[in-house]
Amino acid sequence: MIETKQFKDDLLNWFHKNKRQMPWRETSNPYYIWLSEVMLQQTQVNTVRPYYKAFIERFPTIESLSEANEEDVLKYWEGLGYYSRVRNFQEAVKEVHHSYHGVVPDNPDDFKKLKGVGPYTNAAVMSIVHNHPIPAVDGNVLRVWSRLTGNDSDIAAPKTKKLYEDELQPFVEEHSGDFNQAMMELGATICTPKKTLCIMCPVQKHCYAFANGIVDELPVKKKKIKKKTIDFNVLYITNRSGEILVRQRDTKLLNGMWEFPMFEADESIHSIEETLDAVIDIDQTPEYTTKHVFTHMTWNMNVYRAHTQKSDFDYPYKWIKKEEKEQLSFSTSMSKIFNQLNG
DNA sequence: TACCCGTGGCG
DNA sequence: TCGCCAAGGGT
């Protein structure tokens, strides 16, 4: 359990002595601070600096941005990425110009309704400009708080973020703007994803992960695995005796398991025949199509019946009788195919 | 809920 | 080289 006042004192003292110079920290203009927060979404401070300066020089007021054409505005975002940010921002600024007499709303309920203003941007701008007591939980804070509290739940899960917001609420009743910025600054400079600088940490004595030597194990973040999909042609090849051609895998995936010869779908019959060194008669259309889902990939398999005259194959290929199938290890997907084709 | 959106830096 | 990460939000 982190002692609120002591932690906050330690953190804020450090922040006031060590905070980095940033152009948007030299203004209290809500429009500029809002702009900086939009630019900083998923973008590092040093990348943002030059864009921020050029942007406010060209569009110094809400009115000037409202009246600019989109092409011109986009030019000033060129290279920053996530271009919908600037379209949403201009739309929101126009809304402020027309519906709020050019004054950025000073209450979270109205501000959050503006295009492109989500939970984070709302909390950041409203706390920095008006000290509204809302915790700003970004990627930094998720990491920092998981370590400080030793929480190993998945920080990608919405309920984890919600929990952190609740736990941080007591810390932002006063000086929320500085507190929010200090937490992010800590994450960006000390409590970094890798090669943390715990020795420099102003709140080391409050940190569960440091005390227990598990800093490198936090935060826990479920990896989002992009499932690859690969299309295969699976050949159920028989000979005159009714035997079936199988082969043993020598691959990382399913290593040592037996399978029916399978080839990526874009491989030609000619190429397959070369590999097998045999003439293969393959049905025109697949017997059926099935798929097998692994943790990290999906196989789409077109299963063809095929026939060959060739009698002898060298390892890793070999002929087996149907009854011998039981004596070899086949992956689940292959057993399903076998059963499908043999009633 | 899960995916998409851009680019640069880092180990 | 490659995956992860960066002051997220929209759909």
Side-chain angles (χ1 to χ4, degrees), chain A residues 11 15 19-25 27 30 32-52 55 74-93 95 108 111-129 134-147 154-162 164-165 168 172 176-197 216-229 296-298:
Chain A
L11 181 67
F15 180 62
K19 67 176 167 184
R20 296 173 289 173
Q21 289 288 105
M22 301 179 193
W24 47 90
R25 282 184 174 158
T27 179
Y32 291 171
I33 291 171
W34 178 14
L35 168 67
S36 73
E37 290 300 340
V38 175
M39 284 187 164
L40 285 163
Q41 289 169 13
Q42 301 287 276
T43 311
Q44 297 196 350
V45 168
N46 287 337
T47 304
V48 166
R49 289 181 201 276
Y51 284 92
Y52 171 85
F55 198 98
L74 195 56
K75 194 66 187 168
Y76 282 77
W77 210 272
E78 188 180 35
L80 253 192
Y82 287 135
Y83 299 100
S84 64
R85 284 186 295 178
V86 73
R87 287 189 207 91
N88 291 339
F89 182 60
Q90 190 187 21
E91 186 180 329
V93 166
E95 172 83 9
F111 185 64
K112 198 174 181 308
K113 287 178 188 156
L114 296 168
K115 200 73 183 285
V117 178
Y120 166 77
T121 305
N122 178 51
V125 175
M126 290 295 103
S127 67
I128 292 170
V129 178
I134 317 171
V137 179
D138 72 332
N140 285 313
V141 176
L142 288 171
R143 178 176 63 255
V144 169
W145 198 245
S146 80
R147 287 173 178 162
D154 177 17
I155 61 167
K159 70 174 187 179
T160 305
K161 184 181 169 194
K162 180 80 172 69
Y164 288 12
E165 286 170 346
L168 285 163
V172 291
S176 61
D178 281 348
F179 181 83
N180 283 333
Q181 291 184 81
M183 288 288 283
M184 292 187 279
E185 191 89 349
L186 186 68
T189 61
I190 304 284
C191 195
T192 48
K194 293 176 181 177
K195 295 180 67 172
T196 57
L197 297 174
D216 290 336
E217 297 166 35
L218 294 173
V220 172
K221 188 175 186 180
K222 218 177 11 178
K223 290 176 188 169
K224 52 175 156 184
I225 358 174
K226 282 184 194 168
K227 270 191 188 174
K228 286 183 198 165
T229 298
H296 59 300
M297 74 166 82
T298 301

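Computed from heavy atoms alone, side chains included, the values below leave out hydrogens, waters and symmetry copies.
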### Query
Taking the C1' atom of each, how far is B:dT1 from C:dG10, in whole Å?
13 Å
### Minimum-distance nucleotide (side-chain atoms of A:Val45 versus C:dA7, C:dC5, C:dT11)
C:dA7
### Query
In this structure, which one of A:Phe55, A:Tyr52, A:Trp34, A:Tyr32 forms a ring-ring contact (aromatic ring centres under 6.0 Å, His included) with A:Trp24?
A:Tyr52
### Task
Taking all heavy atoms of A:Ala136 and all of A:Asn180, pick out the closest pair and write down the distance.
N-OD1, 3.1 Å
### 5' priority, DNA chain B, between A:Gly81 and A:Pro158 [closest heavy atom]
A:Pro158
### Message
Quick check for you: among C:dA7, C:dA6, B:dT1, whose closest atom lies nearest to any side-chain atom of A:Pro193?
### Response
C:dA6
### Query
CD of A:Glu78 versus P of B:dC5: gap in Å, rounded?
19 Å
### Query
From C:dA7, B:dT7, C:dA6, pick the nucleotide closest to the side chain of A:Tyr83?
B:dT7
### Query
Which part of the nucleic acid, if any, lies within reach of A:Thr43 when heavy atoms closer than 4.0 Å are counted: base, sugar-phosphate only, or nothing?
base
#### Entry: d(CD, A:Gln44; P, B:dT7) in whole Å
16 Å
### Task
Send over the distance from A:Glu165 CD to C:dG8 C1', rounded to a whole Å.
13 Å
### Query
When we call it a touch if two heavy atoms are under 4.0 Å apart, what does A:Met22 touch: a base, just sugar-phosphate, or nothing?
base
### Query
P atom, C:dA7 versus B:dG11: distance in rounded Å?
15 Å
### Message
Measure CD1/A:Ile134 against C1'/C:dG8 and give the value in whole Å, please.
### Response
16 Å
### Query
Below 4.0 angstrom from OP1 or OP2 of C:dG9, is there any side-chain N or O of A:Thr121?
yes
### Query
Starting at the 5' end of DNA chain C, which residue's closest nucleotide do you reach first, A:Ser36 or A:Val117?
A:Ser36
#### Entry: Whole-angstrom distance between C:dT1 and B:dG6, as gauged at atom P
25 Å
### Task
Count the heavy atoms belonging to other residues, nucleotides or ligands that lie under 6.0 Å from NZ of A:Lys162, then report whether that count exceeds 12.
no
### Pairwise P distance, B:dG9 and C:dG9 [rounded to whole Å]
24 Å
## Note on the structure
In whole angstroms, the gap separating P of C:dA7 from NZ of A:Lys19 amounts to 18 Å
### Message
Mind checking if A:Arg25 touches a base, just sugar-phosphate, or nothing, with heavy atoms under 4.0 Å?
### Response
base
### Query
If each of A:Lys194 and A:Gly116 is mapped to the nucleotide of DNA chain C with the nearest heavy atom, which maps nearer the 5' terminus, i.e. the 5' end?
A:Lys194
### Check: A:Phe89 ring centroid to A:Trp77 ring centroid under 6.0 Å
no
#### Entry: Separation of C:dA7 P from A:Glu37 CD (nearest whole Å)
11 Å
### Query
When rounded to the nearest 0.5 angstrom, what distance separates CG in A:Leu80 from CE in A:Met39?
5.5 Å
### Message
Base of B:dG6, side chain of A:Tyr82 - is there a donor-acceptor contact under 3.5 Å?
### Response
yes
### Query
Base, sugar-phosphate, or nothing for A:Val48, non-hydrogen atoms under 4.0 angstrom?
nothing
### Carboxylate-amine/guanidinium proximity below 4.0 Å for A:Glu78 and A:Lys75
yes
### Message
Taking any heavy-atom pair under 4.0 Å as a contact, classify A:Gly187: base, sugar-phosphate, or nothing.
### Response
nothing
### Task
Give the rounded distance in Å between these two atoms: CZ of A:Arg143 and P of C:dA7.
7 Å
## Note on the structure
Separation of B:dG8 atom P from A:Gln41 atom CD, nearest Å, is 18 Å
### Task
Describe the nucleic acid contact of A:Ala188 in one word from base, sugar-phosphate, nothing, applying a heavy-atom distance below 4.0 Å.
sugar-phosphate
